[in-house]
Structures are given as structure tokens and as C-alpha cells.
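One structure below.
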Amino acid sequence: MATTTPSRGRRRAPSRMTRAAGKAAALQKPRVILALLLLLALTSVMLLDGYLRAEVGGDERVRSNASSSKVPDKVLDGGPILSFRGGEAQSQSVPEKTIALTFDDGPNPTWTPQILKILEENDVPGTFFVVGSMVSRYPSIVKDLVNQGNEIGIHTFTHVDLSYQSDDRIAREMDQTQLALAGAAGITTTLFRAPYSSEADAIDNYSWPVYKKLGEEGYTSVFVDTDSDDWKRPGVSKIIKWATPSKNKGASVLFHDAGGERSQTVKALGTYIKKMKAKGYTFTTISGAIRQTESANQQANGQTGQTGQNGQQPGSEQGEQSEQAGGQAPGVQQGQQPGQNGQLGQSGQAGGVNSLQAAHRTATGTTLYEGKALVAAVAVAEWTVPGLATGLAVVGVAVMGRFGMMLILARRHYRQRNKRRFSWGPTVTQPVSVIVPAYNEKECIANTLESLAKSTHPIEIIVVDDGSTDDTSRIARDAARSFGMTNVRVIRQENAGKPAALNNGVRSASYDIVVMMDGDTVFEPDAVHQLVQPFADPEVGAVAGNAKVGNRNTIIGAWQHIEYVMGFNLDRRMYDLLRCMPTIPGAIGAFRRDAVLEVGGMSEDTLAEDTDITIAMHRGGWRVVYQEHARAWTEAPASLKQLWSQRYRWSYGTMQALWKHRKSLTDKGPSGRFGRVGMPLVVIFQIITPVFAPLIDVFTAYSMIFIDFKAALLAWLAVLGIQLVCAAYAFRLDREKYRYLLMMPLQQLAYRQMMYLVLIHSCITALTGGRLRWQKLKRTGEVGTPAGVS
């Protein structure tokens, strides 16, 4: 949302300016860097979360009808287990009447635990080909899965078809999944199943190089020879039927424990296991199937060694083969003996790894610590992004409510103040004092005095030169003579800052009402007259005028023009009716002189002396109002650097003023109205909401990329549309040209991010106890008489 920080006067440079400014700049750089790092960290967390939440759909080939001319026939006609020992492709099948249950796409917090429970109840192991992103999100499920005696294989990190990917992307997919496994369960694995794969005869010229490359790196690729097609949700009976091998054949059977609604899989699995046991089938893992096949081949070939009742594999050659296939030498396996119920026993342990988990290797060293770091980072993302989404939803509702309230109250305010019969009381005609604090204003002071010379209200002008090092005083005197002004006094003082200059002017004022303005501001002829009329009401102690951007013909100027118009014509109208105006702009404001002196004058305690004095007036029991018809034109910062400097000062000063007047929350009666109403509104809508508002853009981009592009775009456009309506209404009330609203979309994309960083910078400064000195913005004097900029 467009920030609506009120206009304030320009700040004054301190004495010993050069040295102090250099020291202040040196102190601010680390805070700016910290603010940028905070934004980068949050963006990185969102990107990580989005990367992890890539949706996994049903398994189906992305590419079909591709040639397999480069794939060896023995692989196409071979079994579902493919390894590359000595660089040569070797295929294996699951032994007869043996089933290797495999599950793809998990883990899933809903379905995987239910499947694990069924496997445990039936004393059956499974081989789970997991997606690395899901592993990192649900590490405890993976740990339970391994501890229960099941086997893990890699299904890539993001469930991507590797046949389309570069070698670097393939390596990342595998390595990231290995790290996730290391962080979740302290293991790595040598088993792999490619997403969208099926039977071995579906290998084509695009996927074959991938399998070959991974095989040479020590991976065993696992395919399917019996597919339950449970992802189609055909019904329990069909899932069982399709998962049943024909003619007592062994099978690598595919189920899914994630990737969609898996209730039919859960219902079918227990029945399927019991059915297959009744038919005399045993269940094992992929590594178990490899060992059984190799043992049978050795016996058939008459190789030495024996397989005793403890299931120990014979021979060093066999141990070497199993090490390549599964990562654990079979010479340490124990307890691999079919039980009475036809199942494969799970009692043996080898080096802390279950005998049926021979594909697992214990993660150590850098892999282990990097894996734990990945899991920890994902845990942060898992908490941060949903929390951020909730926070943004609350902020969105609050902002929409605020917009609605602003529109309603602004319309009421406009109608009330523009009725023919409306009056503050008897017309105020007595002279007033106009105080112009000035520091090095040689470019602007003549234009300022020229505009005051045309005032329709009797005034005296007090120019307080706050130790200028240029010709400000001389130019002011010369301008007064050239315009024939006899009501101008120029007072010089040692450089002490804007509050001191204003207090000097208040003490020197001849009249009961004082108008304060900046040395770079020009008034419309009737501005002073309009500004002082509310003082006809004896309850009014201060009046905020309508400051407008004079140099609005640049992008930065147009952005600030939109901000000023919305801020003054909606926010100030709302605050006026609620009687909790937070700020009288330094560019144009009026006060009862006695009220200013009563509250202690303009304070140097904060950088936002205008907010400070306004809250002090509220706490003094005075009413502060907004006079829309009193218009002044000010020169806004012309560069991003100057804009940053100004808004940083404003936001930090506002925080200082709110903290200084925090006891207003407990004040009684009229003096506590600002604390009860204004303080919460300012904190929420000028500090908290602007901090979160830019994140809406970031979250929108996140949603477009990772969730629903169309819905996110429509939501963002809807919010922008509401803002445009509010801005258009504000422009209508102030009779401004609508063409500047064309800059609003760009303002939302760029300007808000800057305001976010400014506020974060201010918050960090406040929390670290840093102090910011007065600074002066570079002026050009391009804002001349009001007629020239209207």
C-alpha cells in the first residue's frame, strides 16, 4: 500500500556539520546493510519454501514415443533393477514368489504414517523412494521409516524428469536429496528411481544417459514391473488386482504414499499383503531382492561358500557386489531367513544399519552437518512462511478496513467542512506571525518571501537564519526590499537546529497566532487566511495545512505527489474527525503561541519536532484540526538518496515521538484521546503496516511462481484497484489531475520496497540505541510561485 507519511519540514544541519555527518554516515552503513540482509534473508526463506513445495502429481511419462535405439537390448528386456558394475550395465529381477513393495513420492504427513503402521502390523518391509523436498519438510517421518526397518531410495529433490535436465541439475537433484536424508535420518542411499519412470523397456535415448551416468556414480536404478496404478484411484479391488504378479513371478510393485489423495492405497495395502502371503509370497526390500538373486545365482553356478540359517552371504566377491549395489557388505548381514509366515525376517543389524537396509550408508562429516543445516533451514521456512501468510492476511484485512474507514470519514469530513453554513466562528482577521526557519536557503528564500508578499492576510514575517554559511540573510533582506515588504525581520543565530530556530521565532513573535513554514516552501495568497480561521474555535490549538509537492514532474516527484495527496486528503481528514491528528506538517502549520509555550515549545528530543509538538498539543488538551483550503507548495527530495535520508529521518523521528509520549496511553480525559485512538492508529498504519506492505509484493511473486499465478495476479490487481479508487477519490477532493495516477503501479512495486527498508533501518537504529543528527537536503529552488506549479 502507498505509505502515507505526512509532509514535514526540512531538517537543519548541526554545528561542526562535516565531521558529525561523516561520523553519522559511518554509523548508519552497518544498519543499512543489516536492513538489506534482513530483506534478503526473508526472500531467501520464501524462495526455499516455494522450492520445497513444488507439487508432486501422479506418475506419468513427460516424454513418450521416444526412440530407444541406443539402449542395450539386455537392459530393455531385463529386470527392474539396473546397476553398472565395472561400467557394464547389469539387470536383475526380483526372485519368484517374492515381492519388493515400493512407494513413491513421499514422505507425506497424512499417508506415510498410515502405510508404515500397516507394514509394521504385517511385519513387512518396504522400499520408499522419497522426494528430497518432502524429506526436508518431514524429517521425523523419514527417521521413523528407517528405524522401522524400511529402505530408502532417491526420487530426486523436486520430482523433475531428469531426461530434460543438464548434468549440473541432475547432480543437484541427487546431492540435495542425499543431504536431506543425512539431516533427517543420518544416512545416504545408493538406490534411485526416476520420476515418471515405469518398466525397464520404457528407457529411451533421452533417459538412458541419465541412468548410465548415475550408475557409474554407484547408484542402482529401480524400475517397476508391476504397477498398482493407485494414483488413478480406480478403487481398492482394482489396485489389489493390478498389483498382483502373474504366475508366481517375483515383482517390484509400485504404490504411492504421497502425491495426492491416497486413502484407497491405504485401504488396499493391508488386504493385498494378506492375500499375497496366503499365496505363498514373501516380502523384502530392493536390497533384499538383490541379495537373494545373487545368492541363488552363486548356488546355481556352483560357487564356493554357503548360506546358513543366519542368512550370511558367502564369498568376498559377493560382498564386493553387494557393497556396490547397496553400500553394505553382505558379510555382516544376519537374520535374513524366511520366517514361518513366509516373510523375510528383520532381526539382523549390520554396523548400525538393518540387514534389509543394505542400500543405506551412515552419513558422516560434512554431509551430515550440511544435511542438518538444510533440515534446520527448512524448519525455519516451514514456520516463517505460514506465519508470514497469516500476518499478511491480518495486515491486508486491517489495510482494507482502513481504506474503507478513510473513504467514509473523508467524505463526511469534506461534506461537513464545505457546507455553506459551516463556520469555525467569527472570521479571524487579526495579524499573525509567520516564522521561517532557514539554513543555507539561498536558492529558495526569495521565492518564499515573494509568495508571502502576496498574502491576503495581515502578517509579520520572522526569518530565523540558523547559522547559514551562504548568503541566506542578505538574500532575504534584499528580497524584502525588492518586494516592498516592511513586515520582514531577519534574526541570525548560531547554528542550533530547526527546533531552536522555531522557538526563537515564537519568542520573537508579536502576535498570538504563529504560522510555521519551511524556507523552501511557497504559500498560495490566501493560505495564511485559510489556515488561521479554525482559531475562531477556542478549543483549537493547532491547525495542519495542505502541503503539496511542487516538483512533481519527475518519477520520484510524482510518487511523492500521490503519497501527499492520499496522506492529506484521506488520512488527515480521518484523523481530524477522530480528533487524533498525529502530525502538523513543518511546511505549513499554525499554532496558538501561548499553547506552544505552555507545552514547552519545539522540542529537540526527537527528529520529528512536528510530530512531537502535535502530540504535546493533544496531551495539553488542545484540539488539532486540518484545513484543506490552506495550500502550500514544497520542494520534495529529487533523488532516491535524498528521499531515503528524509524518510529515514521522519520514520525514526516518529518512533522517537511515540516513545516519548507513550504515557499518553494512560492519560485521562481529552489529553488521553491521542493515546487511546491516535497512538494505535499511527503505530499500526505508519510503522507496522508499511513494514509488511512491501512483503505483499514479495508474497505475490512467491504465489505466482509456486502456488497459483492467475489467482495471485488477480488478488494483487484487486488490491491495486482499491488503492487506485482511494487515490482517485483523494485527487478528486483536492481537484488534482488524474494523470499522475498512472505512476501508481510503479510506485507500488518500487517505492514501497524503499519505504520498507527505511522503516527497517529506523527500527534497527532505535533498537540499537543509535542517534541520527539533523541533516539538510539539497535544494534547487525550482518551486516558484504557486501560479507556476498549479
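For this chain, numbers begin at 1 and follow the sequence in order. This structure is a prediction, so every number in the text was calculated from the model and none was measured.
No side-chain donor from either of Gln560 and Asn551 sits under 3.5 Å from a side-chain acceptor of the other. When only modelled atom types and interatomic distance are considered, Asn418 and His629 share a side-chain donor-acceptor pair under 3.5 Å.
In this structure, the side chain of Gln627 does not engage the main chain of Pro534 through any donor-acceptor pair within 3.5 Å. With hydrogens and angles ignored, the 3.5 Å screen pairs no side-chain donor or acceptor of Arg593 with any backbone N or O of Ser510. Under a 3.5 Å cut-off, the side chain of Asp466 and the backbone N or O of Ala501 do not form any donor-acceptor pair. Listed for the Ser451 side chain is a donor-acceptor partner under 3.5 Å among the backbone atoms of Thr448. Side chain of Arg623 to main chain of Arg579: no donor-acceptor pair is present (N/O by atom type, distance under 3.5 Å, no hydrogens or angles). Judged purely by atom type and a 3.5 angstrom limit, Ser651 uses its side chain to pair as donor or acceptor with the backbone of Tyr648. Thr583 contributes no side-chain N or O that, together with a main-chain N or O of Pro585, makes up a donor-acceptor pair within less than 3.5 Å. Remark: side-chain polar atoms of Gln533 are paired, donor with acceptor, to backbone N or O of Val428 under 3.5 angstrom. Of the possible polar contacts, one joining the Arg592 side chain to the Phe535 backbone as a donor-acceptor pair under 3.5 Å is found. The main-chain N or O of Leu607 is found under 3.5 Å from a side-chain atom of Gln656 such that the two form a donor-acceptor pair.
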Evaluate ring-ring contact (aromatic ring centres under 6.0 Å, His included) for His413 paired with Tyr575, printing each intermediate quantity in order.
CA-CA 10 Å; His413 182 278; Tyr575 285 127; over 10 Å; no

side-chain contact (heavy atoms from CB on, under 4.5 Å) between Asp612 and His661, intermediate numbers included:
CA-CA 8 Å; Asp612 192 345; His661 294 283; 2.7 Å; yes

Please step through side-chain contact (heavy atoms from CB on, under 4.5 Å) for the pair Asn553 and Tyr740, ending with a clear verdict.
CA-CA 9 Å; Asn553 293 324; Tyr740 292 102; 3.5 Å; yes

Applying side-chain contact (heavy atoms from CB on, under 4.5 Å) to Leu658 and Met679, what does each step give before you reach the verdict?
CA-CA 7 Å; Leu658 293 175; Met679 181 82 77; 3.4 Å; yes

So Gln430 and Asp512, side-chain contact (heavy atoms from CB on, under 4.5 Å) or not? Walk me through it.
CA-CA 9 Å; Gln430 64 265 38; Asp512 293 333; over 6 Å; no

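Remark: of the listed residues Lys548, Arg573, Arg417, Arg735, Arg573 is the sole one forming a salt bridge (charged side-chain N to carboxylate O under 4.0 Å, His left out) with Glu628.
Of all heavy-atom pairs between Arg631 and Ala527, the closest is O-CB, 3.4 Å. Of all heavy-atom pairs between Ile461 and Val436, the closest is CG2-CG2, 4.2 Å. Between Met617 and Ala595, the shortest heavy-atom contact is CE-CB, 3.4 Å. Cys444 approaches Gly519 most closely through the heavy-atom pair CB-O, 3.3 Å. Residues Pro426 and Ala536 come closest through the heavy atom pair O-CB, 3.2 Å. Taking each heavy atom of Ala438 and Val463 in turn, the nearest pair found is CB-CG1, 4.4 Å.
A distance of 9.0 Å separates CG in Leu643 from CH2 in Trp559, rounded to the nearest 0.5 Å. The distance from the CG atom of Asn503 to the OG atom of Ser603 is 8.5 Å, given to the nearest 0.5 Å. Between the CG atom of Leu452 and the CD atom of Glu450 there is a distance of 10.5 Å, given to the nearest 0.5 Å. We find the CD1-CG distance between Ile435 and Leu502 to be 6.5 Å, quoted to the nearest 0.5 Å. To the nearest 0.5 Å, atoms CG (Leu578) and CZ (Arg676) are separated by 12.5 Å. Atom CZ in Arg412 sits 6.0 Å away from atom CG in Leu577 (nearest 0.5 Å).
By the side-chain hydrogen bond (donor to acceptor under 3.5 Å, both in side chains) test, Trp424 pairs with no residue at all, sequence neighbours left out. Residues meeting the side-chain hydrogen bond (donor to acceptor under 3.5 Å, both in side chains) test with Asn487, sequence neighbours left out: none.
Residues Phe403 and Leu570 form no side-chain contact, since every pair of their non-hydrogen atoms from C-beta on lies 4.5 Å or further apart. Residues Leu531 and Val515 have side chains in contact (heavy-atom distance under 4.5 Å, counting atoms from C-beta outward). At least one side-chain heavy atom of Met400 sits less than 4.5 Å from a side-chain heavy atom of Val719. Considering only heavy atoms from C-beta on, Val532 stays 4.5 Å or farther from Val543 through its side chain. With a 4.5 Å cut-off on side-chain heavy atoms, Thr614 and Pro582 do not count as touching. Here the side chains of Val506 and Met516 are in contact, with some heavy-atom distance below 4.5 Å. You'll find the side chain of Ile462 stays beyond 4.5 Å of the side chain of Asn504, heavy atoms only. Looking at heavy atoms from C-beta onward, Phe591 lies in side-chain contact with Ile584 at the 4.5 angstrom threshold.
Enclosure of atom CG in Leu746 by more than 12 non-hydrogen atoms of other residues, nucleotides or ligands within 6.0 angstrom is indicated.
Ring geometry, His618 versus Phe674: the interplanar angle falls under 30°, so the pair is classed parallel (tilted spans 30 to 60°).
Salt bridge annotation for Arg552-Glu736: present, with a cationic side-chain nitrogen under 4.0 angstrom from a carboxylate oxygen. Ionic pairing of Asp571 and Arg402 is present here: one or more N-O contacts between side-chain nitrogen and carboxylate oxygen are shorter than 4.0 angstrom.
Ring centroids of His529 and Phe523 are separated by 6.0 Å or more, keeping the two rings apart.
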